[in-house]
Peer 1: 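Just passing along the structure, written as structure tokens.
Protein chains get the first letters and strands the later ones, always in sequence-line order, with residue 1 at the start of each.
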There are 2 protein chains.
Amino acid sequence: MSEKVFASAQEVAARAGVSRSAVSRTFTPGASVSAETRRRVLEAAEALGYHVNELARGLMRNESGIVCLIVSDVATPYRSHLLCELTLLLQNAGKVAMLINTDRSNGSVDRALRQAIRYRADASIILSGMPDKSIAQLCLRSGQRLVLINRDDEEPGPLRINLDDYEAAGRIVTAFVRAGCRRLAFANSEAGTPSLMARERGFVAAASALGIEVFVERHGWTGYEAGKAIAQRMLTRAERPDAVFCATDLLACGFMDTARHQFALSVPNQLCLAGFDDIEQASWSSYNLTTFAQPVSAIASKAVEWLSHPQPEDDSTSQGQSIRLHAELVWRGSIRGG
Amino acid sequence: MSEKVFASAQEVAARAGVSRSAVSRTFTPGASVSAETRRRVLEAAEALGYHVNELARGLMRNESGIVCLIVSDVATPYRSHLLCELTLLLQNAGKVAMLINTDRSNGSVDRALRQAIRYRADASIILSGMPDKSIAQLCLRSGQRLVLINRDDEEPGPLRINLDDYEAAGRIVTAFVRAGCRRLAFANSEAGTPSLMARERGFVAAASALGIEVFVERHGWTGYEAGKAIAQRMLTRAERPDAVFCATDLLACGFMDTARHQFALSVPNQLCLAGFDDIEQASWSSYNLTTFAQPVSAIASKAVEWLSHPQPEDDSTSQGQSIRLHAELVWRGSIRGG
DNA sequence: CGCAAGTTTGCACGCGATTGCAGAGATCGA
DNA sequence: TCGATCTCTGCAATCGCGTGCAAACTTGCG
């Protein structure tokens, strides 16, 4: 890694018999170079195996082309799906994605953002966890764009993309009731992220409006295992629920498996279930889960679009923009009727 | 992105009343600075919100700290798991991961590697797809480390990490036969990657050694849907197989679902199944799939270890190293007996 | 106190690029 | 033929940092 290995613009210039500036201009779209010069430069570059050094370019331009993706639980279906979509769009926009994996410990998002700053990332997209306000401020002050996905929050400055979690949760109550269910329950994790809590509140509120009280259980992390554990508890209660809304598809899968294989309950005949995210597994025929679809592509494209276009921040306070997307109900077979 | 926003080492030096070199040395581990100077520098840095510019540093050091991860099908369980593990280890090693998604475009691995070169990545880890030989050569010549995971290939130079796919496939034949199965089949995708083909060859060979002919079907991409489609075809044949080895867990899940829900077959009573990868879903109780575990952590740590340590390339020909890891059979409930 | 050895520190150069500025040609109309 | 205008091109400054080298300072010991 120590010996010099790459041809520099200098050497290309020498070989092509032009100045270094000419080389630079050849590789800068929209710069003024004559066709002849350009040809000779390209030829020399090819011969020498020249590749623009983005580090140096970023240094001068004050724009690295790097976008940081800050995310925990990368291996989770929903997260990896979003990640996939984002990287694809970023690449198309001529940016490059730097992936920072945060665990759930606190302070790890801050470390990630600091890393982003050190590489002078043009922007950061936060898929999980919340940055400390001071760090977020630092990012913003330093001209870095910040996008928060599904982290509803009043932090000023960044772009915030959220779903209508609250309303969606209300809609599923209707579906449950229409299916004849009366003993409603909500399965949540202890994570307590804004979107999860919004789903819970929306569900409870809508049920309450119909005079139904919801049994809420929060347990563990937002995964399959937690779903099993919650089912374990809920289904052994005297007053067993006949409809459960799980805050997440993973929870729902775990719940359904335990309900069927351990309690021999038939879904949806004896128990109605719904989830949220519409991960791939929800459509697998073993689950066939009715759920809400995260508009992953829309989320990703909104984010990238906002990063690419010098967004209209003429808005006086530069208070940041907030986008609210719709989570569509995907009707499958885990609720009666339909 | 245009106005200058960050404090430079220069300004920190001024505020601390020292030279710029002192600042630089303070942030360079192992450099010679007195405790007093260091303190004043750190204080000034804190006050000014100074953060080392890794772009500039990388420029000087000829070592960016960037490692490129080149991968397709990011949203797939196995890939995202590996990705997760890799980024975590890279971060611990003080490197940073640049994610390049090679979906939906051909020649994209080459473009990706070129991108890696332009950012002067210290190394690239290729999880999918094969680079053009000439590009790979370019990477190597330019001092970039190259790691190929599960792309068995005789390309010289890089580190190659592979599993004992061939032997593993042989072991599952034994298990099937012991369970009393005689009509063996192999479900593969058309992808034809080295590891998939090795599994197929190993399976066919081991069966053939026992005088059993294997029915092989290749179809579609390596996912759930392909598994369903293959099951559809295989199970409508006159001579229906009683044991199927799927090249991938995703294929196996699709296969199992179709076998059960559409052909009303009982697994493992009427049909034995096995997969490969040990994705999370394989352990879900709806599938409870017997499969081979990819040693994901081991793969990741081998890769990162090799990148971090100036590996012993004193090996005369610098022919590249090849690591072969063991895929352990995880026995669950989709094969009779055990 | 004097000198050798060791520790810090500052200077100045280089890394590989972009870009404002001004000069050199080229084109064109009168 | 002569400016005037326009297109190219090279010069040199700059971005933020690392590091060899030599000067300055500190320390220890006789």
Peer 1: Classify the nucleic acid contact of Val23(A) as base, sugar-phosphate or nothing, counting any heavy atom under 4.0 Å across all strands shown.
Peer 2: nothing
Peer 1: What's the closest nucleotide to the side chain of Arg20(B) if the choices are dT9(C), dC8(D), dA12(C)?
Peer 2: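 In terms of side-chain proximity for Arg20(B), the closest of dT9(C), dC8(D), dA12(C) is dA12(C).
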Peer 1: Report the nucleotide, chosen from dT9(C), dA12(D), dG16(D), that has the shortest atom-to-atom distance to any side-chain atom of Arg25(B).
Peer 2: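 Looking only at side-chain atoms, Arg25(B) lies closest to dT9(C).
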Peer 1: I'd like to know if Arg61(B) reaches the base of dG16(D) with its side chain, counting only an N/O donor and acceptor under 3.5 Å.
Peer 2: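 Answer no: no donor N or O sits under 3.5 Å from an acceptor.
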Peer 1: Out of dG16(D), dG10(D), dA17(C), which nucleotide sits closest to the side chain of Met60(A)?
Peer 2: dA17(C)
Peer 1: When you measure from the side chain of Thr37(A), which nucleotide among dG14(C), dC8(D), dC21(C) comes out closest?
Peer 2: dC8(D)
Peer 1: Using the ring pair (Phe, Tyr, Trp, His ring centres under 6.0 Å) criterion, which residues pair with Phe27(A)? Sequence neighbours excluded.
Peer 2: Tyr50(A)
Peer 1: Could you tell me the separation between the CD atom of Glu63(A) and the P atom of dT18(C), rounded to a whole number of Å?
Peer 2: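 In whole Å, dT18(C) P lies 12 Å from Glu63(A) CD.
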Peer 1: Nearest-nucleotide wise, let me know which of Ser19(A) and Leu59(B) is further upstream toward the 5' end of DNA chain D.
Peer 2: Ser19(A)
Peer 1: Which nucleotide sits closest to the side chain of Ser24(B): dG10(D), dA17(C), dT19(D)?
Peer 2: dT19(D)
Peer 1: Hey, is the side chain of Arg57(B) pairing donor to acceptor with the base of dG16(C) inside 3.5 Å?
Peer 2: no
Peer 1: Taking Arg120(A) for the side chain and Ile117(A) for the main chain, is one N or O donor matched with an acceptor at less than 3.5 Å?
Peer 2: yes
Peer 1: So which atom in Phe6(A) and which in Glu11(A) form the shortest heavy-atom distance, rounded to 0.1 Å?
Peer 2: O-OE2, 3.9 Å
Peer 1: Calculate the interatomic distance between Glu11(A) atom CD and dA17(C) atom C1'; express it in whole Å.
Peer 2: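 Glu11(A) atom CD is separated from dA17(C) atom C1' by 13 Å.
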Peer 1: Does dG16(C) have OP1 or OP2 sitting under 4.0 Å from an N or O in the side chain of Tyr119(B)?
Peer 2: no
Peer 1: Using whole Å, report how far CZ of Arg118(B) lies from P of dA17(C).
Peer 2: 12 Å
Peer 1: For dT9(C) and Ser34(B) - does any side-chain N or O of the residue sit under 4.0 Å from the phosphate oxygens OP1/OP2?
Peer 2: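 Looking at the OP1 and OP2 atoms of dT9(C), one of them is under 4.0 Å from a side-chain N or O of Ser34(B).
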Peer 1: Just how far is it from atom CD of Gln294(B) to atom CG of Leu82(B), taken to the nearest 0.5 Å?
Peer 2: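 One gets 7.5 Å once the value is rounded to the nearest 0.5 Å.
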Peer 1: Leu55(B) CG to dT14(D) C1': how many Å, rounded?
Peer 2: 16 Å
Peer 1: Return the value, rounded to whole Å, for the distance between atom CG of Asn53(B) and atom C1' of dG16(D).
Peer 2: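 Answer to the nearest Å: 6 Å.
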Peer 1: Considering every strand and a 4.0 Å limit on heavy-atom distances, what is the contact class for Ser8(B): base, sugar-phosphate, or nothing?
Peer 2: sugar-phosphate
Peer 1: Rounded to the nearest Å, what distance is computed from the CG atom of residue Asn62(B) to the P atom of nucleotide dA17(C)?
Peer 2: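 Those two atoms, CG and P, are 11 Å apart.
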Peer 1: From C-beta outward on Ala56(B), which listed nucleotide comes closest to its side chain: dG10(C), dT19(D), dC17(D)?
Peer 2: dC17(D)
Peer 1: Determine whether a donor-acceptor pair (one donor, one acceptor, N or O, separation below 3.5 Å) exists between the side chain of Ser21(A) and the base of dC11(D).
Peer 2: yes
Peer 1: Is there a donor on the side chain of Arg120(A) or the base of dG16(D) sitting less than 3.5 Å from an acceptor on the other?
Peer 2: no
Peer 1: Nearest heavy-atom pair of Ser80(B) and Val74(A): which atoms, and what distance?
Peer 2: CB-O, 3.9 Å
Peer 1: Using whole Å, what does the distance between atom P of nucleotide dC11(C) and atom CD of Gln10(B) come to?
Peer 2: 10 Å
Peer 1: So do Ile125(A) and Val67(A) actually touch side chain to side chain, heavy atoms under 4.5 Å?
Peer 2: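 Sidechains of Ile125(A) and Val67(A): in contact.
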Peer 1: CZ of Arg38(A) versus P of dT9(D): gap in Å, rounded?
Peer 2: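 My rounded result for the distance is 11 Å.
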